[in-house]
Colleague: 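Here you go, one structure.
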Amino acid sequence: MTDTADTAEDPAAHDSRSRVERYDPSTIESRWQQEWARLRLYDTDLTDTSRPKHYLLTMYPYPSGDLHIGHWYIVTPSDALARFRRMHGDNVFFPIGFDAFGLPAENAAIKSGGHPYTWTMRNIENMRRQFKTMGAMFSWEHEVVTCDPMYYRWNQWLFLRFLEKGLAYRKKSPVDWCPNDGTLAREQVEGVDRHCWRCGALVEKRDLEQWYLRTTAYADELLSFEGIDWPEPIRIQQTNWIGRSEGAEIDFATAPSDHHVGGETLRVFTTRPDTLFGATFMVLAPEHELVERLTAPDRRDEVAAYVEQARRRTEIDRLSTDRDKTGVSIGADAINPVNGERIPIFIADYVLAGYGTGAIMAVPAHDERDFAFATQFGLAIRRVVAAPGTDADAPMDGAYVAHAADERLVNSGEFDGLLADEGGRAIVARLAEQNAAEPKVTYRLRDWLISRQRYWGTPFPVVYCETDGVVPVPDEDLPVRLPEDVDYEGSGTNPLTKDDAFLHTTCPRCGGPATRETDTMDTFIDSSWYWFRYLSPEKTGSAVDRGLVDRWTPVDQYTGGAEHAVMHLMYSRFWTKAMRDCGLIGHDEPFLRLFNQGQILGADGERMSKSRGNVQDPDELVSRYGADSVRLFLMFMGPWDQGGPWSPTGIGGVHRFLNRVWTIVLDPTGQEPGDKDAGRLPAGESEDDAIGTLRGAAHRTLRDVTTDYEAFRFNTMVAKLMELANTLFRYRGTVSAGGPAWDEAVDLLLLMLAPAAPHIAEELWSRRLAAAGRRWESIHLASWPAVDETATAVATREIPVQVNGKLRDKVIVAADADQTTVERAALSAPRIVALLDGRTPDRVIHAGGRLVNIVLRDG
RNA sequence: GCCGAAGUGGCGGAAUGGCAUACGCGGCGGUCUCAAACACCGCUGAGGGCAACCUCUUGUGGGUUCGAGUCCCACCUUCGGCACCA
């Protein structure tokens with residue numbers, strides 16, 4: 001029973017039939033990996049200007065512990081591309097590194113009592129070793145590890161540049177807070193009651209002074225994708241994420257009442273100033289700064305309770321249009337500036353403090369959320385925009401949000417009859433005269449909150465001094481190092497806050513006592529510029545080497561997971577523009593071309609994670625089938641941008657394909673006993689025909705495989721190589737096997753296979769060279785072959801013939817047959833003649849010489 | 001909920017508006033073998049028919065077109081993201 005595995009590992013011992021040795025990836029692959037390393041085959045000379053440069057970047061991994069199948073899925077097609085470009089004569093730079101700061105290391109340290117650094121570096125060592133079994137052509141000498149002070153000091157240095165440029169600032173903002181474990185990440189808040197994952201305490205909001213980067217300063221520039229070739233879905237997602245809205249800010253005043261003098265300004269943002277006359281109430285975000293002041297005494301308890309409740313909800317929950325609207329009246333009114341009408345003020349959680357002004361004028365007749373709220377609270381609904389012919393005062397059963405060109409204002413006083421668009425502008429213009437409104441553009445995009453209340457990240461290079469306030473640490477004192485000793489004391493709170501040696505320092509300005517910032521930077525900062533550092537990881541004096549940066553960036557091709565469509569890919573664009581404005585680089589965009597591949601999920605269809613226990617380890621597959629089979633299988637599984645649940649079913653098929661290639665190359669004249677036709681050409685084919693078939697198949701495959709590589713269609717690329725191998729296999733043992741056409745086809749097959757399955761291609765290539773008495777040179781230094789168009793030409797075409805769109809027959813015509821000839825052949829095909837039964841077609845459609853459709857009415 | 005993507009044989013998937021199901025897995029039959037495994041050859045969407053062949057089929061329902069997996073409208077399901085996982 002248990003012997004099956006052994007047999008599979010060493011089948012040659014039992015195989016008396018084979019005249020050549022069996023394909024054994026385990027010896028081949030490690031041998032070539034060592035040989036490539038010895039020859040430094042993949043070192044990139046960044047100063048070499050003799051060839052066009054090609055910077056191929058793949059998203060660097062988080063060192064979670066082990067390389068799983070998802071890493072292989074990301075990396076191996078990228079590696080194939082790197083090799084493909086290199087075979088086209090490019091000087092390819094394909095670096096790798098580790099995104100080494102972050103939460104998991106800290107969690108492991110808290111749990112086991114070790115140090116995040118130890119945990120991280122151990123994982124990195126392990127993953128480096130595993131990466132090398134892929135046979136990828138990484139430039140390891142350019143590796144960066146972001147938790148190394150050699151790297152993170154430049155995070156600090158760049159932060160100081162941004163600070164000087166006014167792109168960094170401090171602001172108070174809320175975090176999810178656990179009384180025992182401090183700030184919690186979203187994934188650390190569990191359950192509908194929102195409790196701490198570690199201690200179970202209910203999560204509170206706490207307002208903290210935190211650092212921000214001014215991403216909104218670049219909102220408009222980020223909306224432009226000029227000069228970069230990114231997939232449309234990503235561009236759309238980023239555009240929606242930035243969420244530019246044109247509209248106006250309008251000032252309402254608070255109305256006097258028996259508990260309040262009134263006269264305060266309540267500024268709202270609206271995209272529909274044309275509906276101002278329809279504003280029948282006003283809604284403030286529960287966090288709005290005026291809520292406390294405006295609330296009537298008898299409403300205080302209810303309002304306070306609602307504010308508390310709203311603060312506990314997640315933003316996704318608050319913005320859901322699905323759930324019933326909630327809110328409370330604060331017992332105060334506002335005055336509509338356009339008509340002096342008193343309207344009640346509410347607070348409701350569907351209005352967010354961080355968007356617009358944190359306050360809206362509610363127009364239930366023309367906004368769905370406002371309509372739902374008004375219906376629930378019995379508030380007035382007044383139509384102010386109507387399409388021609390609409391009864392302006394008829395009751396409405398839903399909000400009318402359509403925005404057709406011919407809608408006009410109604411119930412809007414002197415503005416009645418204006419087209420909605422011009423009415424909106426007129427209203428804003430009128431109010432602007434009284435300084436009560438101004439046209440305004442608002443973005444959904446927010447500034448980037450980069451403070452994290454954690455140890456395992458880049459320390460902020462600032463100190464707080466009683467005399468001088470916020471003082472940057474001078475460049476020459478960088479890096480501000482993380483203290484090496486860290487005691488988590490079993491809690492999630494940031495140990496830096498309890499580390500006196502770290503905490504207490506002197507002010508660089510006045511020399512007096514000062515305290516260090518204990519927050520560290522978001523890890524997305526590390527990944528916002530790492531590709532610059534790859535070029536010069538050891539560089540001192542500056543974050544980047546300007547000469548290398550100017551030559552090598554922007555990155556030509558970036559590959560990585562679609563889950564980064566918005567955040568990482570947006571932060572990187574922002575960072576590049578910010579570095580440009582600090583005079584550090586001279587271009588605008590980080591990545592010229594982008595490909596977002598899909599994600600490999602666990603077998604259960606869920607994201608792979610250790611906690612779910614669905615992580616797939618490739619090591620066993622590699623030792624059983626070899627790295628080449630695993631690489632090829634991952635490419636063959638499906639379209640690369642699709643991803644999907646992991647299943648190793650079918651890897652045997654890819655392995656069999658490589659076995660066939662092995663046999664084709666090393667034993668072209670052998671014959672399979674299971675094949676009755678072995679050694680015979682297909683019926684009716686001459687030796688010349690066979691040569692034509694082989695050459696045609698090889699060059700058509702080359703033509704198609706080339707475009708598949710260029711378009712990242714790896715699955716069909718592998719399928720076409722399989723077809724070519726099947727064709728060659730069919731001719732194995734015939735008179736044409738081993739001849740010049742055969743040899744040409746085999747060479748093409750190996751060259752096309754080399755980027756995807758580098759080891760077997762190298763092995764077979766070297767054996768062919770040796771057999772031919774030629775000196776060895778790596779297949780990975782060979783040039784990509786050129787298609788011979790004369791070989792791909794065909795003599796005849798098969799034309800499908802349809803009647804009324806249904807396939808009824810096929811005719812074979814000469815390749816250069818004209819339309820008349822094709823039509824004559826189609827109409828005289830036996831089955832078509834029978835179907836026509838003497839009738840004349842009403843129409844005959846020629847689809848560009850690919851198909852004929854005969855249209856027969858009443859047919 | 002909002003934004004983005006995807007639904008095609010038993011399974012992974014292929015298909016510039018033009019032959020649906022390439023390639024592979026699995027299954028069935030065979031060759032080789034004392035036997036098994038490996039390898040190889042053939043068949044394999046569903047239904048009907050002795051057969052030639054016919055009908056149906058790309059998540060659901062409509063539409064555009066000579067012709068729709070592909071384009072348009074509505075809906076259903078699944079996946080990714082929603083700002084402290086990376």
Side-chain angles (χ1 to χ4, degrees), chain A residues 3-4 7-8 11 14-18 22 59 61-62 64 99 101-104 175-176 183-189 232-234 236-237 239-241 243 314-323 445-446 448-449 451-454 522-524 527 561-568 570 596 598-599 601 605 607 609 633 636-639 641-645 647 649-654 656-657 659-660 663 671-678 715-716 718-723 726 729 798-802 804-807 810 831 842-845 847-848 850-856:
Chain A
D3 287 349
T4 0
T7 315
H14 304 274
D15 190 349
S16 53
R17 201 168 48 232
S18 183
R22 295 277 306 216
M59 288 179 189
Y62 179 80
S64 50
D99 187 14
F101 275 135
L103 211 46
V175 295
D176 284 324
T183 305
L184 299 182
R186 211 174 80 180
E187 65 165 20
Q188 298 175 317
V189 179
E232 194 183 15
I234 307 295
I236 293 172
Q237 276 184 85
T239 302
N240 292 336
W241 181 263
T314 65
E315 203 166 296
I316 291 172
D317 188 26
R318 283 176 64 162
L319 285 174
S320 170
T321 51
D322 210 18
R323 92 200 145 88
L445 180 73
R446 306 200 284 255
W448 176 12
L449 170 65
S451 290
R452 300 291 181 266
Q453 292 75 49
R454 307 191 188 287
D522 182 4
T523 55
F524 272 120
S527 54
E563 68 276 18
H564 292 296
V566 179
M567 299 180 62
H568 161 59
M570 186 90 95
N596 274 137
Q599 232 181 336
L601 306 171
R607 246 189 70 168
S609 72
F633 176 61
F636 183 60
M637 270 173 47
D641 56 3
Q642 198 171 291
S647 162
T649 313
I651 189 170
V654 165
R656 260 193 290 283
F657 158 64
N659 262 306
R660 274 164 182 261
T663 308
Q671 298 183 358
E672 294 304 319
D675 184 357
K676 290 186 290 293
D677 295 323
N715 56 331
T716 53
V718 176
K720 283 159 194 163
L721 291 182
M722 286 173 166
E723 283 182 275
N726 289 346
F729 208 86
E798 188 186 55
I799 308 282
V801 184
Q802 297 182 332
N804 287 341
K806 283 198 167 122
L807 177 73
K810 293 176 184 184
R831 289 180 53 205
D842 293 282
R843 241 176 112 183
V844 177
I845 291 175
R850 290 191 305 278
L851 171 144
V852 173
N853 187 16
I854 297 164
V855 184
L856 203 58

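Each chain gets a letter, A, B and so on, in the order its sequence line appears, and its residues count up from 1. Computation of the quantities below employed the complete heavy-atom set of this structure, encompassing side-chain atoms and omitting hydrogens, waters and symmetry-equivalent molecules. None of these values were measured; they are calculated from a predicted model.
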Colleague: Minimum heavy-atom separation for A:T183 to A:Q188, with atom names?
Modeller: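 Reported closest heavy-atom pair: O-OE1, 4.1 Å.
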
Colleague: Would you mind pulling out the nucleotide paired to B:rA68, Watson-Crick or G-U wobble, both distances under 3.5 Å?
Modeller: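 The answer is none; no pair meets the criterion.
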
Colleague: What's A:H568 touching, base or sugar-phosphate or nothing? Going by heavy atoms closer than 4.0 Å.
Modeller: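 Answer is nothing: A:H568 stays at 4.0 Å or more from every strand.
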
Colleague: Would you check if the side chain of A:N596 reaches a backbone N or O of A:G561 as a donor-acceptor pair within less than 3.5 Å?
Modeller: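 Yes, because the side chain of A:N596 sits within donor-acceptor range (under 3.5 Å) of the backbone of A:G561.
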
Colleague: With heavy atoms under 4.0 Å as the rule, sort A:W241 into base, sugar-phosphate or nothing.
Modeller: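 Result for A:W241 = base.
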
Colleague: Distance criterion of 3.5 Å, no angle test: do you see the side chain of A:R831 paired donor-to-acceptor with the base of B:rC53?
Modeller: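 A donor-acceptor contact between them is absent.
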
Colleague: Considering Watson-Crick and G-U wobble pairs with both distances under 3.5 Å, what does B:rU77 pair with?
Modeller: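 Base-paired to B:rA6.
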
Colleague: Is there side-chain contact between A:R22 and A:N659, with heavy atoms separated by less than 4.5 Å?
Modeller: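 With C-beta onward as the side chain, the pair touches.
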
Colleague: Just how far, in rounded Å, is P of B:rG4 from CG of A:D641?
Modeller: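 Those two atoms, CG and P, are 17 Å apart.
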
Colleague: Just call it for A:V654: base, sugar-phosphate, or nothing, with non-hydrogen atoms closer than 4.0 Å on any strand.
Modeller: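 The answer is nothing, as A:V654 stays clear of every strand by at least 4.0 Å.
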
Colleague: Does B:rU21 have a Watson-Crick or wobble partner in any strand here, with both distances under 3.5 angstrom, and which is it?
Modeller: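 Pairing partner: none.
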
Colleague: Is A:N726 close enough to B:rG24 that one of its side-chain N or O atoms is under 4.0 Å from OP1 or OP2 there?
Modeller: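 Yes, because at least one side-chain N or O of A:N726 sits under 4.0 Å from OP1 or OP2 of B:rG24.
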
Colleague: Out of B:rG80, B:rC23, B:rA20, which nucleotide sits closest to the side chain of A:E563?
Modeller: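 So the nucleotide nearest the side chain must be B:rG80.
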
Colleague: In terms of the nearest nucleotide of RNA chain B, which residue is placed more toward the 5' end: A:P639 or A:D99?
Modeller: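 So the residue in question is A:P639.
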
Colleague: On RNA chain B, nearest-nucleotide positions of A:V855 versus A:P800: which is more 5'?
Modeller: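 With A:V855 and A:P800 compared, the 5'-side residue is A:P800.
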
Colleague: Report which part of the nucleic acid A:I845 touches: base, sugar-phosphate, or nothing (heavy-atom distance under 4.0 Å, all strands).
Modeller: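 Counting heavy atoms under 4.0 Å across all strands, the contact made by A:I845 includes a base.
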
Colleague: Would you kindly check whether a donor in the side chain of A:Q188 faces an acceptor in the base of B:rC84, or vice versa, at under 3.5 angstrom?
Modeller: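 Check fails, no donor-acceptor contact within cut-off.
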
Colleague: Taking only side-chain nitrogens and oxygens of A:N715, does any of them come within less than 4.0 Å of OP1 or OP2 of B:rA14?
Modeller: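 Yes, because at least one side-chain N or O of A:N715 sits under 4.0 Å from OP1 or OP2 of B:rA14.
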
Colleague: Considering only atom C1', compute the distance from B:rG30 to B:rU21 and round it to an integer number of Å.
Modeller: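 Nearest-Å result for B:rG30 against B:rU21 at atom C1': 26 Å.
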
Colleague: So, is A:R660 close to the B:rC40 phosphate, meaning a side-chain N or O under 4.0 Å from OP1 or OP2?
Modeller: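 Yes, such a contact exists.
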
Colleague: Please give, in whole Å, the distance from B:rG18 P to A:N853 CG?
Modeller: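 Atom-to-atom, A:N853 to B:rG18, this comes out as 13 Å.
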
Colleague: Would you say A:R656 reaches B:rA39's phosphate, i.e. side-chain N/O to OP1/OP2 under 4.0 Å?
Modeller: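 So the side-chain polar atoms of A:R656 do come within 4.0 Å of the phosphate oxygens OP1 or OP2 of B:rA39, strictly under.
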
Colleague: Compare the minimum distances between each of B:rG80, B:rC84, B:rG1 and the side chain of A:Q237, then state the nucleotide with the smallest one.
Modeller: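 Minimum distance to the A:Q237 side chain belongs to B:rG80.
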
Colleague: Are side-chain heavy atoms of A:V844 and A:V855 found at a separation under 4.5 Å?
Modeller: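 No. Closest side-chain heavy atoms not under 4.5 Å.
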
Colleague: Please state how far atom CZ in A:F633 lies from atom P in B:rG13, giving the value in whole angstrom units.
Modeller: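 It is 10 Å, rounded to the nearest whole Å.
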
Colleague: Expressed in whole Å, how much space separates the P atoms belonging to B:rC19 and B:rA68?
Modeller: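 Going atom to atom, P in each nucleotide, I get 11 Å.
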
Colleague: In whole angstrom, give me the gap between the P atoms of B:rA5 and B:rG9.
Modeller: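 Per the computed distance, 23 Å lies between those P atoms.
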
Colleague: With syn defined as a glycosidic angle within 90° of 0 and anti as the rest, where does B:rG26 land?
Modeller: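 With its glycosidic angle more than 90° from zero, B:rG26 counts as anti.
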
Colleague: Do the rings of A:F524 and A:H568 sit parallel, tilted or perpendicular, given the 30° and 60° boundaries?
Modeller: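 A:F524 and A:H568: parallel rings.
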
Colleague: Is the phosphate of B:rA86, meaning OP1 or OP2, less than 4.0 Å from a side-chain N or O of A:T523?
Modeller: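 A:T523 to B:rA86 OP1/OP2: side-chain N or O found under 4.0 Å.
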
Colleague: Quick one: which of B:rA14, B:rC84, B:rC3 gets closest to the side chain of A:T716?
Modeller: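 Of B:rA14, B:rC84, B:rC3, B:rA14 is nearest to the side chain of A:T716.
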
Colleague: Taking atom types as modelled, find out whether A:R843 and A:N853 have a side-chain donor-acceptor pair closer than 3.5 angstrom.
Modeller: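 No, because no side-chain N or O of A:R843 sits under 3.5 Å from a partner of the opposite role on A:N853.
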
Colleague: Taking atom P of B:rC84 as reference, at what distance in whole Å does atom CZ of A:F524 sit?
Modeller: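 Going from CZ in A:F524 over to P in B:rC84 covers 8 Å.
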
Colleague: Base, sugar-phosphate, or nothing: which does A:L103 touch, judged by heavy atoms less than 4.0 Å apart?
Modeller: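 Sugar-phosphate, no base atom in range.
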
Colleague: For B:rC85 and B:rG45, measure between their C1' atoms and round to the nearest Å.
Modeller: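 Between the two C1' atoms, the distance is 43 Å.
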
Colleague: A:K810 side chain: which of B:rC85, B:rC19, B:rC23 is closest?
Modeller: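 Of the candidates, B:rC19 comes closest.
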
Colleague: Would you please confirm or rule out a distance under 4.0 Å between OP1 or OP2 of B:rC56 and any side-chain N or O of A:K806?
Modeller: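 Checking A:K806 against B:rC56: at least one side-chain N or O falls below 4.0 Å of OP1 or OP2.
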
Colleague: So what's B:rC43 paired with, Watson-Crick or G-U wobble, going by both distances under 3.5 Å?
Modeller: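 Partner of B:rC43: B:rG27.
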
Colleague: Grab the CZ-P distance between A:F729 and B:rC40 for me, whole Å please.
Modeller: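 For the pair A:F729 CZ and B:rC40 P, the rounded distance is 5 Å.
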
Colleague: Which residues satisfy the salt bridge (charged side-chain N to carboxylate O under 4.0 Å, His left out) test with A:R446, sequence neighbours excluded?
Modeller: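 If we apply the salt bridge (charged side-chain N to carboxylate O under 4.0 Å, His left out) test to A:R446, skipping adjacent residues, the hits are A:E315.
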
Colleague: Expressed as a whole number of angstroms, how long is the span from A:F636:CZ to B:rC23:P?
Modeller: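 The answer, rounded to whole Å, is 10 Å.
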
Colleague: Could you give the distance separating B:rC54 and B:rU60 at their C1' atoms, to the nearest angstrom?
Modeller: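 Those two atoms are separated by 27 Å.
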
Colleague: Expressed in whole Å, how much space separates the P atoms belonging to B:rG69 and B:rG7?
Modeller: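 Between the two P atoms, the distance is 14 Å.
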
Colleague: Might you point out which heavy atoms bring A:R454 and A:L184 nearest each other, and give the distance in Å?
Modeller: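 Shortest heavy-atom separation between A:R454 and A:L184 comes out as NH2-C, 3.9 Å.
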
Colleague: Do the side chains of A:L449 and A:D522 get nearer than 4.5 Å, heavy atoms only?
Modeller: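 With C-beta onward as the side chain, the pair stays apart.
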
Colleague: Return the value, rounded to whole Å, for the distance between atom CD of A:Q599 and atom P of B:rC85.
Modeller: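 Those two atoms, CD and P, are 15 Å apart.
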
Colleague: May I ask you to evaluate whether A:Q802 reaches the phosphate of B:rC66, defined as a side-chain N or O under 4.0 Å from OP1 or OP2?
Modeller: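 It does not, given that no N or O in the side chain of A:Q802 lies less than 4.0 Å from OP1 or OP2 of B:rC66.
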
Colleague: Hunt down the Watson-Crick or G-U wobble partner of B:rC34, both distances under 3.5 Å, from any strand shown, or write none.
Modeller: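 None - no nucleotide pairs with B:rC34, as no candidate has both distances under 3.5 Å.
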
Colleague: Take the protein atom CD of A:E723 and the nucleotide atom C1' of B:rG24, then report the distance between them rounded to whole Å.
Modeller: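 Answer to the nearest Å: 11 Å.
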
Colleague: What interatomic distance, in whole Å, is found between P of B:rG81 and the corresponding atom of B:rC28?
Modeller: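 That atom pair is separated by 41 Å.
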
Colleague: Under 4.0 Å, counting only non-hydrogen atoms across every strand here, what does A:S527 touch: a base, just sugar-phosphate, or nothing?
Modeller: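 No contact.
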
Colleague: If we take the C1' atom in both B:rG27 and B:rC76, what is their distance in whole Å?
Modeller: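 Those two atoms are separated by 32 Å.
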
